[in-house]
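In what follows, chains carry the letters A, B, and so on, assigned in the order in which the sequence lines appear, proteins first and then strands, with residues in each chain numbered from 1. In this text the structure is predicted, and so the values were computed from the model without any measurement.
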Amino acid sequence: MFPHEEKLIRERLGREPNEVEKAMLEVMWSEHASYKSSRKWLKLLPTKNEHVILGPGEDAGVVKFDENTAIVVGIESHNHPSAVEPYGGAATGVGGIVRDILCMGARPIALLDPIRFGPLEKERNRYLFEYVVKGIADYGNRIGVPTVGGETEFDESLDNYTLVNVACIGLMSPEELVHSYVEESGLLLVLVGNKTGRDGIHGVTFASEELSENAEEEDRSAVQIPDPFTEKLLIEATLEALKTGKVKALKDLGGGGLTCASSEMAGKKGFGAIIYADRVPQREPNMNAMEVMISESQERMLFAVRKEDLNEITKIFEKYELEWVVVGETIEEPRYIVYWGDEKIADLPIGLLADVPIIEWEANPYSIEKDVETPEISVEEALIRVLSSPNVIDKEWVYRQYDHEVQGRTVLKPGLDAAVLKINDEYGLAFVSDGNPSYSYLNPYHGAMSAVVEAVRNLVSVGARPLALVDNLNFASPERPEVYWSFIETIKGLRDAAKAFSLAYVSGNVSFYNEVGNKPIKPTPVVAALGRVKLENITTMNFKSEGEMIGIVGI
Amino acid sequence: MKWKARIIVRLKEGLNDPEGRVIGKALKNLGYKIDELKVPKYFEVVFESDEPEKEVEEMCKRLLANPVIHTYEYEIESLGE
Amino acid sequence: MKWKARIIVRLKEGLNDPEGRVIGKALKNLGYKIDELKVPKYFEVVFESDEPEKEVEEMCKRLLANPVIHTYEYEIESLGE
Amino acid sequence: MPKFAVIVFPGTNCDFETVSAIKKAGGKAERVWYKQGLKDFDGVVLPGGFSYADYLRAGAISARAEIMEEVKALAGEGKPVLGICNGFQVLTESGLLSGALRPNKIPRFLCRWVYLKVSDTQTTFTKFYEEGEVIRMPIAHAEGNYYADDLGKVKIAFQYSDEKGNIIEEANPNGSLLHIAGISNEKGNVLGMMPHPERASDKWLGSEDGLKVFKSMVEYAKR
Ligand SMILES: Nc1ncnc2c1ncn2[C@@H]1O[C@H](COP(=O)(O)OP(=O)(O)O)[C@@H](O)[C@H]1O
């Protein structure tokens, strides 16, 4: 938190927040949770059209596929944790986005993993590459959600670092949509899943700062051990609980832990909550209230249910051998009150947690576009250089480690222009992700546009009509004027490209402070796109027989 | 000189350990009174070196363990020439 | 009585060990002179029992080792009441 | 119409598509949580997935669940018991089939399509294939490397092959003994296979070659 923000909190509260309150505010006012540096600009993006059932604002967006089918889609980054612990960081990144999809009421049916690394010549980069892929594979495979595509790129500017983005889609019928907010008081808040430990304490603040050179040695609290076993049980238990129709609100615990999930669930429509923090099952001895409230332990969900339905719902959790506890309740008054035993340890106006003023940083344009010198080499050599670049070669080493067939829907598998999943006997959903930081670095506006255009082109290449977009904006510190400028330009590029196709962004994510040892990454917008394709119209890129004509369109 | 190192890599105290928990529970279901079960990683390495301590330390740091989440310990035994 | 058992489960002699081979190779690539690397499974179990030897033997037979491919060994230490 | 139980352990993840494949093959099928009983079923399928996240060894913990006693009884009565991928691992770990499934020769998870040669058309699950027929299905596993110290107790049902049915080293994705992809007990009513027939039961997904496994099983259970 910045000093002016602390001052503002004191003024609004009329007193100094105590230790617990301060920790909770710090989490909620972090860049990662509040989007304070990006919110203003994200408003520029188009978010509505006839395909959109639910745009940005909740855990994931919802798109209409046909009258009976809705697709939930979201994208997340897990860059900082993956850079210090690639296996656990990448795996828990998958877990997080899968729960985001789940908590809208949908069964997660596919993942994409756009991932980026430094050059493979260096040992540390190879280590990051190998273990990020293993982390994604082990988690996605074990929870039975196929990873059907992604991107793998290597770039100088990511030396010692990694960008791990994961997009996920889920399938449901439109009336199954559940919201993340409550609309009545007196509901019980039920916490389900893993016990709470000290892992991930300050995770969001960690993700809101640059990494130092020795990040590996830093506090382990920012990384978590993935538990796909519990996640899979959570998926099945949640979907079964939702079938009862008695879940009033649902949210996963991600960044900001219990504080973020419960305060947003209660506060969004003006209600309040009382939380009994000491009831939370603890994994480590002697945890205090502050630790319990802001821990980011993985594989936990928060349900809101009426008292009379508690039994029916929790029986389902017990069937799946998941631990649960009533951790609090919603109240009429818009306050956020936390008890530890009999002691009231926090009492804040609930709006204070969520209502974070925007920050507008100084923005400075830069221009590095110049004519590129063409190297004096033969066409043959040029071809070999291009085709042997790690950025161009087949990414089979990566996607063979992913179960891309589980759930029995994958019509077009990895290795093609876009993946296609069978949704019903006639239609499929095409899903693809693209980003091009080298273009973005040269010209952030056009780079962003090209990411959208490439994604759309890939959809069209398999025969699909584009439906919707999500975006993930990976940037260095917004406090650098050039970075902030490139961020704004990127959004304008994303906006204009989407408008040109009449497409909308239904969800997204912003990750700032991606720099290690004071070296900012290139602006890296990643776009994932959805399309609808008639199964019998699917096209693939391989030549089908001898004697076919080859042509180029659009030069 | 040849050496044999026995290296144990453990999760740091307090971290979630789903693997240990699940296997421990499986033993409980078979009727045993298990208080705790852990599955540290265990390596037996036969190698040649003039500086065995230094090299084993390095192997742990560079590959076998991640200092962010692991602690490690080892014993080194000489196997002669 | 409480006990702590340290159990090592090894592949039978002669069975190839792809996991050990790959990690050994990775260490070789980092410049170490590795002759052999093995990754037996290792368990640390704290449990209560009146017949610790018998029970640990059973745990290995019934769950922790697969007799088709494994051998096992263990040490048991008393932790008192 | 014969009714099959598709057993769901914690972490099983191919249960839904296995149920669909059985239905498509003309049978009835129900997902059965591993704590329920197995009354009134004409056969059992142990589907793929990661029961207990593959902790310890793939299939090891599920193999010791109580429901496996019922599965053994059912197998003893001659009813069909099919284990796919993780289900195969459960069958070997429980002793219903002999041998063990070890980590792949390259110890990583591997997802790809393979060719299989049908080596035995006498089992409950292979009657609809022709002797030596070459079929296509996906594999997706990290521990599919079949090993046994005594092959006397098993019959080989499927072997990894090339497109033409040649059983060669290059076609073996995991290092499995004698290129084994699937085996059955002597009676032929218990079969385990690493490839996923349920993922090859729909023309849009790349092949319908797997459907015959289920059709054969359904037909057998009708007798
Ligand atoms: N990390 C990854 N995970 C899964 N699939 C991947 C990954 N990286 C690349 N792929 C797949 O490899 C294929 C080629 O990817 P890419 O080189 O990005 O294609 P293009 O150059 O056509 O955009 C695509 O099908 C893509 O989904």
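- In summary, of the residues considered (C:Leu37, C:Leu27, C:Leu30), a side chain to side chain contact (heavy atoms under 4.5 Å, CB included) with B:Met59 occurs for C:Leu27 alone.
- A donor-acceptor pair shorter than 3.5 Å can be found between the side chains of C:Glu58 and B:Tyr32.
- Counting heavy atoms from C-beta outward, C:Val46 and B:Ile34 have side chains that stay 4.5 Å or more apart.
- For chain C, the option among B:Lys41, B:Arg62, B:Lys4 with the highest count of heavy-atom pairs below 4.5 Å is B:Arg62.
- Summarising the local packing, NZ of C:Lys33 is surrounded by 12 or fewer heavy atoms from other residues, nucleotides or ligands at distances under 6.0 Å.
- Using a 4.5 Å cut-off between heavy atoms, B:Ile7 makes no contact with chain C at all.
- A salt bridge does not link B:Glu36 with C:Lys2: every distance from a Lys NZ or Arg NE/NH1/NH2 to an Asp or Glu carboxylate oxygen is 4.0 Å or more.
- A donor-acceptor contact closer than 3.5 angstrom is absent between the side chains of B:Tyr42 and C:Arg6.
- Residues C:Leu63 and B:Ile23 come closest through the heavy atom pair CD2-O, 4.4 Å.
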